[in-house]
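These notes are about the structure you will find just below.
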Amino acid sequence: MKEVLSRIPTLYTFETPIRPVAFTNHCVWVEQVNKCLQEGFECAIYYEPYTNFENPYTLDAIYIEILAKQKRYCISGFGVIPDRERHEIKISEQYTEYAKAKQVAINWLLATREIIMLH
């Protein structure tokens, strides 16, 4: 499987949970070095906030995470289109292998960023 992460900076961390790291390092793929299948374990998170074009006081975002749950890696994420309607592009999928989950998450992230940049 070809790695497409090259267009997104990556930060590897030992910190648990990694959500605070992702929320302070915008537009960076934050990945836990010691991944495990412990229930609810945060393996990776990406967070990219941006201002809504129609309402400059509204902060929209792209957010995606990979969590470990019951011997599976669960991808969950959303991207908000920064216009008046604020429609969301969502993903919710599960994989048994982390590498496959990561690849799907990165592909979704790149495609969602392209759609949002068109607005």
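- Atom CD1 of Ile62 sits about 11.5 Å away from atom CD of Glu88, to the nearest 0.5 Å.
- Closest non-hydrogen pair, Ile89 versus Ile115, comes out as CD1-CG2, 3.7 Å.
- Of the inter-residue distances, the one linking Ile81 atom CD1 with Ile116 atom CD1 reads 6.5 Å to the nearest 0.5 angstrom.
- Between Arg113 and Glu48 a salt bridge is recorded (basic side-chain N to carboxylate O distance below 4.0 Å).
- Interatomic distance, CD1 of Ile91 versus OG of Ser76, reported as 8.5 Å (0.5 Å rounding).
- Looking at Thr51, Thr58, Asn52 one by one, the single match for side-chain hydrogen bond (donor to acceptor under 3.5 Å, both in side chains) with Asn55 turns out to be Thr58.
- By the 4.5 Å heavy-atom criterion applied to side chains, Ile64 and Phe78 are not counted as neighbours.
- Side-chain atoms of Thr16 and Gln32 include a donor-acceptor pair closer than 3.5 Å.
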Audit row: Phe53, Asp83, side-chain contact (heavy atoms from CB on, under 4.5 Å) steps and yes/no:
CA-CA 6 Å; Phe53 300 130; Asp83 60 11; 5.7 Å; no
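- The two atoms that bring Tyr47 and Ala61 nearest to each other are CE1-CB, 3.7 Å, heavy atoms only.
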Between Trp108 and Ile75, does a side-chain contact (heavy atoms from CB on, under 4.5 Å) hold up when you go through it step by step?
CA-CA 10 Å; Trp108 177 88; Ile75 304 169; over 6 Å; no
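- Nearest heavy-atom pair across Thr112 and Gly79 is CG2-CA, 4.1 Å.
- Results of the salt bridge (charged side-chain N to carboxylate O under 4.0 Å, His left out) test with Lys102 over Glu31, Glu93, Glu97 single out Glu31 as the only residue that passes.
- Note that CD of Gln94 is 8.0 Å distant from CD of Gln70, once rounded to the nearest 0.5 Å.
- For Tyr63 and Arg19, the side-chain atoms include at least one donor-acceptor pair closer than 3.5 Å.
- Between Arg86 and Glu54 there is no salt bridge, since none of the side-chain N atoms of the basic residue sits less than 4.0 Å from a carboxylate O of the acidic one.
- In the hydrophobic cluster analysis, where Ile, Leu, Val, Met, Phe, Trp and Tyr join through side-chain heavy atoms closer than 4.5 angstrom, Val104 is grouped apart from Leu67.
- With contacts defined as side-chain heavy-atom distances shorter than 4.5 Å, the pair Thr10/Val28 does not qualify.
- Minimum interatomic distance between Ala22 and Ile45 (heavy atoms only, all atoms of both residues): CB-CG2, 3.4 Å.
- Aromatic rings from Tyr95 and Tyr73 are positioned such that their centres are separated by 6.0 Å or more.
- Put simply, CG on Leu109 and CD on Glu114 are 11.0 Å apart, with the number rounded to the nearest 0.5 Å.
- In this structure, the side chain of Glu42 engages the main chain of Ile18 through a donor-acceptor pair within 3.5 Å.
- Smallest separation of non-hydrogen atoms from Val21 and Thr13: CG2-OG1, 4.5 Å.
- A donor-acceptor pair under 3.5 Å is absent between the side-chain atoms of Tyr98 and the main chain of Arg72, judged by distance alone.
- Residues Phe23 and Pro49 have side chains not in contact (no heavy-atom distance under 4.5 Å, counting atoms from C-beta outward).
- Across all their heavy atoms, Trp29 and Ala105 have their closest contact at CH2-CB, 3.9 Å.
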